[in-house]
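Since the structure comes first, as structure tokens, the remarks are kept for the end.
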Amino acid sequence: DRPGVLALSFAVTYWDYLGWKDTFGKPEFTERQVTYEPALGRSGPFTPQMVVNGRSDTVGNQLSEVETLIGKDTPAAGPSLSLTGGNATIGAGAAPAKGADVWLVHYRPGVIDVPVGRGENSGHTLPHANVVHALTKLGTWTGQAVTLPLPRAGDGLATAVLVQAPRGGPILAAAAE
């Protein structure tokens, strides 16, 4: 609920072997997290991990550390980004050498309480905020102004767009409807 912060929960699948599958976990979300690890200096993914602007991370349930990272992080100088009329409009600017990925995110706003059936959190109900249901690459931003159509989210889901340097790099711009 912090102004200027788009917090999204990407549920992962690498704990599925414990006999309880995260209700919202998807292999593409796990792959996204694994992609971040080398740039963040990690040897592998962990939960709960909080990645801030694609440039720093911490254990996600350590609120003071999360607040510190958010407070000291200066977003990368990126393009303007607006979501209006069913389109994402990205302004001109300096792009990474091979362009930046443009991601469409459909998520359920608010908090969903999820009962955990197995593992170290067995028997607990854990809150999940702004749970991502779908992540789709819309294209590549090369530094030229571009307008991309946004597929409708439907079913009570909200839409966000992220412009991100490739291979889990910094978030250059983000917007949500």
Side-chain angles (χ1 to χ4, degrees), residues 1-13 22-36 39-40 45 47-58 60 66-67 69-71 73-93 95-96 99-114 126-177:
D1 294 330
R2 184 177 174 153
V5 173
L6 174 59
L8 299 169
S9 295
F10 290 87
V12 295
T13 58
D22 189 310
T23 308
F24 305 108
K26 292 191 176 186
E28 59 265 34
F29 303 162
T30 301
E31 182 181 326
R32 180 176 177 78
Q33 185 185 22
V34 169
T35 299
Y36 274 121
L40 295 173
T47 58
Q49 182 180 28
M50 174 80 68
V51 178
V52 177
N53 282 334
R55 294 192 305 218
S56 56
D57 74 323
T58 189
V66 171
E67 288 288 342
L69 288 178
I70 291 171
D73 189 77
T74 304
S80 61
L81 172 61
S82 64
L83 310 182
T84 55
N87 293 307
T89 301
I90 306 168
D101 298 327
V102 180
W103 295 102
L104 171 66
V105 180
H106 287 151
Y107 67 98
R108 182 158 314 280
V111 176
I112 300 169
D113 291 319
V114 178
L126 301 177
H128 291 56
N130 298 333
V131 175
V132 175
H133 287 251
L135 177 68
T136 307
K137 187 173 177 184
L138 285 179
T140 301
W141 175 69
T142 61
Q144 302 295 321
V146 65
T147 298
L148 302 168
L150 294 176
R152 291 263 179 235
D155 195 28
L157 299 178
T159 297
V161 171
L162 309 175
V163 179
Q164 183 174 19
R167 296 172 301 286
I171 302 291
L172 304 175
E177 286 186 310

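Residue indices begin at 1 and follow the sequence shown. Nothing here was measured: the structure is a model prediction, and the numbers come from that model.
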Nearest 0.5 Å, what's the [atom1]-[atom2] distance between [X] and [Y]?
X	Y	atom1	atom2	value
Thr140	Asp101	OG1	CG	5.5 Å
Phe10	Lys26	CZ	NZ	11.0 Å
His128	Asp22	NE2	CG	4.5 Å

Quiz item: Does Met50 offer a backbone N or O that forms a donor-acceptor pair with the side chain of Asp57 under 3.5 Å?
Solution: no
Practice problem: Just grab all the salt bridge (Lys or Arg N to Asp or Glu O under 4.0 Å) pairs involving residues 138-148, residues at least two apart or on different chains. | Solution: none
Self-check item: Any pair counted as salt bridge (Lys or Arg N to Asp or Glu O under 4.0 Å), so long as it reaches residues 168-177, sequence neighbours left out
Solution: none
Quiz prompt | Within residues 79-88 or reaching into it, pairs that qualify as side chain to side chain donor-acceptor pair (under 3.5 Å) - sequence neighbours excluded | solution = none
Identify the heavy atoms of [X] and [Y] that sit nearest to each other, and give their distance.
X	Y	value
Ala176	Leu6	CB-CD1, 4.1 Å
Val66	Gly60	CG2-O, 3.9 Å
Leu83	Ala88	CD2-CB, 3.6 Å
Leu69	Ser56	CD2-OG, 3.8 Å
Pro79	Gly91	CB-O, 3.4 Å

Exercise. Taking the side chain as every heavy atom from C-beta outward, state whether Gln49 and Leu40 have any pair of such atoms under 4.5 Å apart.
Key: yes
Quiz prompt | Within-4.5 Å side-chain heavy-atom neighbours: Leu135 and Trp103 | solution = yes
Quiz item: Considering residues at least two apart in sequence or located in another chain, which fulfil the side chain to side chain donor-acceptor pair (under 3.5 Å) criterion with Glu31?
Solution: none
Which pairs would a plain distance check flag for residues 143-172, meaning a side-chain donor or acceptor within less than 3.5 Å of a matching protein atom at least two apart in sequence or in another chain?
| unit_1 | atom_1 | unit_2 | atom_2 | d |
| --- | --- | --- | --- | --- |
| Thr147 | OG1 | Thr89 | OG1 | 3.4 |
| Gln164 | OE1 | Arg32 | NH1 | 3.1 |
| Gln164 | OE1 | Arg32 | NH2 | 3.0 |
| Gln164 | NE2 | Tyr36 | OH | 2.9 |
| Gln164 | NE2 | Gly169 | O | 2.9 |

Quiz item: Under the ring-ring contact (aromatic ring centres under 6.0 Å, His included) rule, what pairs show up with a residue in residues 134-177, not counting sequence neighbours?
Solution: none
